[in-house]
Each structure stands twice: as C-alpha cells, then as structure tokens.
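Some notes on the structure that comes next.
Order of listing sets the numbers, starting from 1, for every ligand and every atom in it.
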Amino acid sequence: MLSKYVVLGGQRLAGAVAVSGSKNAALPMMAAALLARGTTILRNVPDLSDVRLMGEILESLGCRVSLFREPGVVVIDVIDEAPVVAPYELVSEMRASFCVLGPLLARRGEAHVSQPGGCTLGERPVDLHVKGIQAIGSEVSFHRGNVIAKGRPRGGRVYLGGAMGPSVTGTANVMCAAVLGSGVTIIDQAACEPEIANLAAMLNSMGARIYGGGTSRLVINGVNELHATDFSIIPDRIECGTFIAAAAITRGDITIERCDPDVLSAVFDKCAEMGIELTRVDDRTLRARCERRPRATDLVTLPYPGFPTDLQSPFMSVLCTAEGYGVVEEKIYPERYMHVPEYRRLGADIRKQYATCIVTGVEQLSGAPAASTDLRAGAGLVLMGLAAQGETQVLKIEHIDRGYERFHEKLSALGATIKRVDYRPARREEDKRRLAA
Ligand code: EPU
C-alpha cells in the first residue's frame, strides 16, 4: 500500500507552527555516535523515515538504538565494536548512510560502505570524501561497489573544494575520521553549513578538539578517546523555509516557532525582494506574512550562507504564482529539476535550459494529480496544491516522509485542507496481462 496527499486548494494558511529538529544535522550525528563506547542521547531529533533507516544501519553496526520512546529522543548504545561493513540493502536506500564511513574508520580502523549511486538530484559522486580520507593517511580502495577504507587516520591537510563547492557530508566524514588519534588535521574549503557547525559542537561535547566549526577552515587536534554525549540538535532551517514559502503561496500569516532566524539571511533577502514580509519576533520565532501576490525574483542556489538548494523547489512553487518572471539557477545540483514537468501539470509556466529555469507566474494554478520526485520537490508540490484551484493529489509521498515530520498535520493545523490517503498502485499493463492469462 502506498500513500498520497489529497489537497484542496484555496485556503489561506494562518496560525503558529513549530519547526522540528534538523534532518541533515541528525543523520551525521547519529553516525558520529559510533565514535564512542557507551550511550549517546540525541534530542530534538525529527521522527522521519531517514532517521529510522539510520537507526537500522547503526543496529547492523553493533548498536542498540531506541527511537522516540520520548518525543524527539534517540538513544544509541554502542555495544559491539566489531562490525565494519554497512550492508548494501540498507545503505542503498539513503545517501546519508555514507556518513558512517568516517566514524567507523576512526574508531574501528576499517570501513566498508556501499558506494552511493546517482539519485533524482543527478550525479552525486563521493570523490571529495575519498580524497579527504586519503589526505589524512588512510587507504581507500573500491571493490564490488563498496568503498573500503583502512588504516587509522594520522592527520594532514585536506582541501575539500569541488567544482560545485565544498561537500557537506564530505566535510562531516573527514571531520569524524580525523577526531581520534594523535595527528592534527586542517580542512580548507570545509562546508560552512549550520549542520556542520552543529556536528562539530556535538563532537566537541564528546571530548573532540575541533576549532572553526561553521567556517571554511577546520582545525582538528586528534584525541585518544571520545565519550558518549547528551546533545540537542538545531532546528531544521529547510522546514522553516518551507513554511515561509507556504505563507507566501497562500497569502497567509504564519508564526514559525522553535526556529533559528540567524541562519536564514539569504531567505530574508529573497523574501524582501518578493514582497514577503518576514519578521523576527524573537531569537526563536519568525512571522511570515504575504497579503498580496508575491513579486517574481531571480534565485541562485549556493553553498551556505547562500540560498539553499533544498529550498529551490519550494520557492520555485512561489515563483509559479508570482507577478512577473524569475530566473532560477541551480549551482549545487544542475539537474535538480525533475519536479518541473510535475509542476507544469498544475499549470506552471516554466522554461528550462540546462541548469536554469525561467519561471513566469500565472494568476491561478489548477489542481491535478502529480508525483513527488524528491523530498523537497514533493513539499513544493503540496504548496502548489494549496494555491491551486480544486483538488491536487500528490503521489509518492514516501519522499516527503523522509524529510518533513508530520507535514500534513502541521499544514492542517494552519488551516490547509489536506489528508493522507492510502492507495493501491495501478497495476502495470504487463502485470494485468500476466494475471489475466
Ligand atoms: N560533490 C562532488 N563530490 C563529492 C561530493 C559532492 O562533486 O565527493 C558535489 C555534488 O555532486 C553536488 C555538490 O558537490 O554537486 C554538493 O554536494 P554535497 O556533498 O554537499 O551534498 P550532500 O552532502 O550529499 C547534503 C544534504 C542535501 C543537500 C546538500 C547540499 C545531508 C544528509 N544532505 O548532501 O540534502 O541538498 O548537502 O546542501 O546533509 C535534502 O535534505 O533534501 C538534501 C538533498
């Protein structure tokens, strides 16, 4: 059985919503728990299918994992430190599982992790992860689709700049690999994302000595041992940005609680250009209001603190209904446009050329069935449905479940008409013929 969202457009969203903890901070932090014996407790963890999958991967690596016995709490007990192989069946389900490479290598001296394939965002190589691990003294080889890293890291100088900018999970992997031992590691062109700064803070709370978390130069002095920790995860800035887009596309008024306004400068900037009123109520609260049709603007996705690629599709949804046209340029994943044909099904006017889209706002979208192509694109499609006339069915919402906690419940509480419905997928023609024979 699969699930879909059925959305009835035309409701103005208003009220308050609380942001969950950050998925992209939680996943590498769960992997980082492998670095110390004992019981690590993570708080403010979102209940997502990706988090549950990372729990299964950790169990296969000798941990006992208890998920959400208390809301937001994940407890990871490292019991057996022998396993070094992350199983393909689990790893192939989620790219972020590659984050176990660095912690396994540092703590157990060896790691075999399946090489991730491409995905709907396009080609996603791991050469920067590998280059970084090699630069700190470990050997890396490839065998039957696995990346095999051996030899405890000794420290060294690492440059993580790639053609598309630094790698976020690549920085996480090299940082985790470098924290144990007597060497000193300097990482230049490290990713500056808040999730990396938060991971560095978590590792330091375990006894690591990492300086410069959240900047492009990390200095890591290896230590002999780390201890388990009790650590709270930052709010999800992408979920927060998605609710800002929801306010804009429904001409709504949403108070977003438990967020971090300080990490959203690029979003503030775009909102000002688009006529979306975004105000900081206090250190943890924002208000997003949009009484009139937003104005179109151009969007370029960039590494942090630039406009995040993970908000490209939700903000493209807003552009689809804005006044005028805007040019969207994807500088992180040039192929992250699988959603464009789906958005067109609802009447969007989008012209795509290579890594650029020209989006001309239409006065009224019209509801239609359409499918999520990745988790952010799926959220963007739901937003389109909220603004469209009539009913929109959003299929393949398992993508959305990977990254948005209780998405439809939060939207319903803001006044959206949205329900989650189970359905049986239509049989393919050949299945039908086979069954009939
Ligand atoms: N890249 C390389 N070589 C590498 C690694 C990356 O060329 O070895 C390229 C990628 O192909 C891409 C760019 O560098 O063009 C950035 O990729 P990055 O490695 O930074 O992405 P990631 O670490 O795999 C994380 C998030 C993504 C988010 C990106 C970019 C997690 C678990 N995932 O992925 O989140 O889009 O950073 O900000 O942190 C999402 O949440 O929807 C999501 C896809």
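A tilted orientation is assigned to the rings of F243 and F407, their planes being inclined by 30° to 60°.
Residues in residues 305-314 take part in these side chain to side chain donor-acceptor pair (under 3.5 Å) pairs, two or more places apart or across chains: T309-E330, T309-R336, D310-R336, Q312-E330, Q312-H339. Applying the ring-ring contact (aromatic ring centres under 6.0 Å, His included) rule to pairs touching residues 295-321 yields F307-F315, sequence neighbours excluded.
Annotation: side chain of S60 is in contact with side chain of P87 (closest heavy-atom distance under 4.5 Å). Between E195 and P28 there is no side-chain heavy-atom pair separated by less than 4.5 Å.
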Going by atom type alone, with no hydrogens or angles, which donor-acceptor pairs under 3.5 Å involve a side-chain atom of residues 413-422 and a protein atom two or more places apart or on another chain?
residue	atom	partner	partner atom	Å
R420	NH1	D401	OD1	3.0
R420	NH2	D401	OD2	2.8
D422	OD1	S3	OG	2.9

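Under 4.0 Å from any atom of ligand 1, one finds heavy atoms of residues K23, N24, A96, L121, E123, R124, P125, V126, D127, L128, H129, M164, P166, S167, V168, T169, T309, D310, I332, Y333, R336, L375, R376.
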